[in-house]
Amino acid sequence: MSRIVITGGVVLTADDDSPVLRDVDVVIEDDTIVSIAPGAETTGAEVIDASGSIVMPGLIDTHLHAWEYGWRGTVMRKNGPVDYMKLLFQTSAGYSPQDVHDSIVGAGLETIANGVTGVLDFMHGATGTAEHTDAAVEAYRVTGQRALLEIGALRANSASDEDFSQSRAARIADVARLRDATRDDGLIDVGTALITPRPGPLWEMFVADVTESREIGARMTFHANEVGEFREMERSGLLGSDIVPSHGNRASRHELKALAEHGVVLSVSPHTEINSGKSPGVFIRAVEQGVKVAISIDTPPSIMPLSEFAQLTQLWASVTTFDRLDAREGGRYELDFDLDPQSFTLEDAVQAATVNGAVALGYDNLGRIAPGQLADVIVVRPTDAIALRDPAAYVVRATPHASEVSEVIIGGTVRKRGGRLVAADSIDIPAMNARSQERVLAMIEDR
Ligand SMILES: [Zn+2]
C-alpha cells in the first residue's frame with residue numbers, strides 16, 4: 001500500500017459544508033483520500049509539506065481538443081493567416097498516429113503542470129484508423145492523466161450522406177473496441193464525441209449515434225451550437241446524464257430547465273464563449289435554471305497557456321459583469337446585495353472546476369477533498385501568503401501560474417513534485433513539442 005501525507009496546508013475542499021479547513025493533514029492511501037485531520041501518522045509515508053500552500057482537488061477540464069496541441073499558436077487571431085476550420089480538416093487527414101500521440105502527451109503534460117488532473121478529451125479529428133485512436137489511448141497511459149477520451153467522426157466537405165453515415169457507424173465500432181481495450185485502465189474511459197445535430201439526414205444519424213453509444217455504455221459529448229436542439233433531444237427522449245454538451249449558448253430557458261431535470265452537466269468554455277461573442281451569458285442562465293455547469297479550455301491552438309485557472313478567472317469576470325449590468329440597468333448602482341444577490345459564489349466557481357467536472361466524467365467519488373474520494377489532489381504555493389486568507393478568491397480570481405502548482409497527484413500517483421513534472425525525467429518535452437509543431441507547419445505550407 002502506498003501512503004502520502006500532505007501536511008500543514010490550507011485545504012480548499014470543494015465541499016458545501018466546510019469549504020476551507022486549516023491545520024489539518026490530508027492522508028492518501030493507494031488511490032483514495034482516507035482522512036483529513038490534524039496530526040496524521042507519517043511513518044513510512046511520502047510527506048508533502050504544504051505549509052504556506054493551498055491543497056485542493058485537481059481541476060477537471062470538460063472540453064479539450066488535445067489532439068490539436070501540435071498546432072498551438074497557429075490560430076491566435078480570429079481572422080489570422082490560418083483558418084481554424086481548414087486546418088482542422090488538413091491536420092485530421094495529415095496526422096500520423098505519432099502526431100496524435102505527441103500532441104496528446106504535450107497537452108496532457110502542460111495541463112498537468114497547470115493542475116488539471118482530469119480531462120474530457122473531445123477528439124474530433126485524426127480518428128481515421130485504429131492506429132490513431134490507439135495512439136491517443138497510449139498517450140494517456142504515458143501522462144497518467146485521468147481521461148474520458150471521446151472519439152468523433154469528422155465529415156469531410158466532399159463526403160456524401162451515405163459515406164458519412166458509414167464512417168460514423170465505423171467510429172462507434174471503434175469506441176466499443178477501445179472500451180474493451182481500456183477496461184483495466186483505471187484512469188481511462190472511452191466514449192463518443194457525437195456528431196453535431198442538425199435538421200435533415202444528420203438528425204437521424206445523431207439519434208443513431210446516441211442510441212448505439214448507449215448500447216455499449218459509452219458516455220457522450222457534443223458541440224451544442226444550434227437553436228432548438230435540446231428541445232428536439234427532449235422530445236426524442238435522448239437527454240440524459242451520460243451526455244455532456246459543450247457551449248449551449250443558444251439554449252432557451254425551457255431547454256436549460258430540461259437539462260437540469262435530466263441531470264445533464266453543461267460544459268462552458270469561458271475563453272471561447274467570451275472571445276467568439278457566442279454569449280457568455282449562458283453561464284448565468286444555466287445556473288439560474290439549476291443546471292450543473294462545468295468549465296473547459298477547449299482549443300489548444302488559440303489558448304496559451306493551457307490553464308484552467310485562467311478559465312476560472314474569465315468565468316468569474318463574465319458572471320460578475322452580467323450581474324452588475326443587471327443591477328445597473330435596473331438603476332440599482334451602487335449595488336445592494338439584498339436586491340441583487342450574486343448568481344454565483346467563488347465556492348460555486350471552485351466546484352464548477354472540480355466536482356462538477358468529475359460528474360461530467362461520470363464519477364460520484366471525485367472532485368472534493370474528503371474521505372473516500374479518489375486522490376486527485378493539487379498543491380498550490382502562492383507567491384504571496386495573503387492568498388491563504390481566502391483561498392477560493394485566490395484560485396478563482398488571481399490565475400495561479402503553473403510555477404505555483406508544486407504538486408499534482410492523480411489517482412494517488414505523484415505526477416508533479418516540487419514544481420517538476422515527473423514525466424519530464426523520461427520525455428524530452430521541448431523536442432517532442434517542436435517535432436509536432438514542425439509537422440503541422442509543414443501541413444499548412446502544403447496547402
Ligand atoms: Zn470544441
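Side chains included, hydrogens not; waters and symmetry mates left out as well; all remaining heavy atoms used. Read the numbers this way: they start at 1 and go in the same order the structure lists the ligands and their atoms.
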Undergrad: Would you check, one step at a time, whether the test side chain to side chain donor-acceptor pair (under 3.5 Å) holds for S213 with T192?
TA: CA-CA 7 Å; S213 296; T192 310; 2.8 Å; yes
Undergrad: Quick one: ring pair (Phe, Tyr, Trp, His ring centres under 6.0 Å) pairs with a partner in residues 282-313, sequence neighbours left out?
TA: F283-F344
Undergrad: Looking only at N, O or S atoms, which one in H63 sits nearest to the Zn ion (ligand 1)?
TA: NE2
Undergrad: Using a strict threshold of under 4.0 Å (side-chain N to carboxylate O), is an ion pair present between R171 and D174?
TA: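 Answer for the salt bridge query: no.
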Undergrad: For D298, what is the atom name of its N, O or S atom nearest to the Zn ion (ligand 1)?
TA: OD1
Undergrad: Output the atom name for the N/O/S atom of H65 with the smallest distance to the Zn ion (ligand 1).
TA: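 Minimum-distance N/O/S atom of H65 relative to the Zn ion (ligand 1) is NE2.
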Undergrad: According to ring pair (Phe, Tyr, Trp, His ring centres under 6.0 Å), does anything in residues 88-113 pair up with another residue at least two apart or in another chain? List the pairs.
TA: W67-Y95
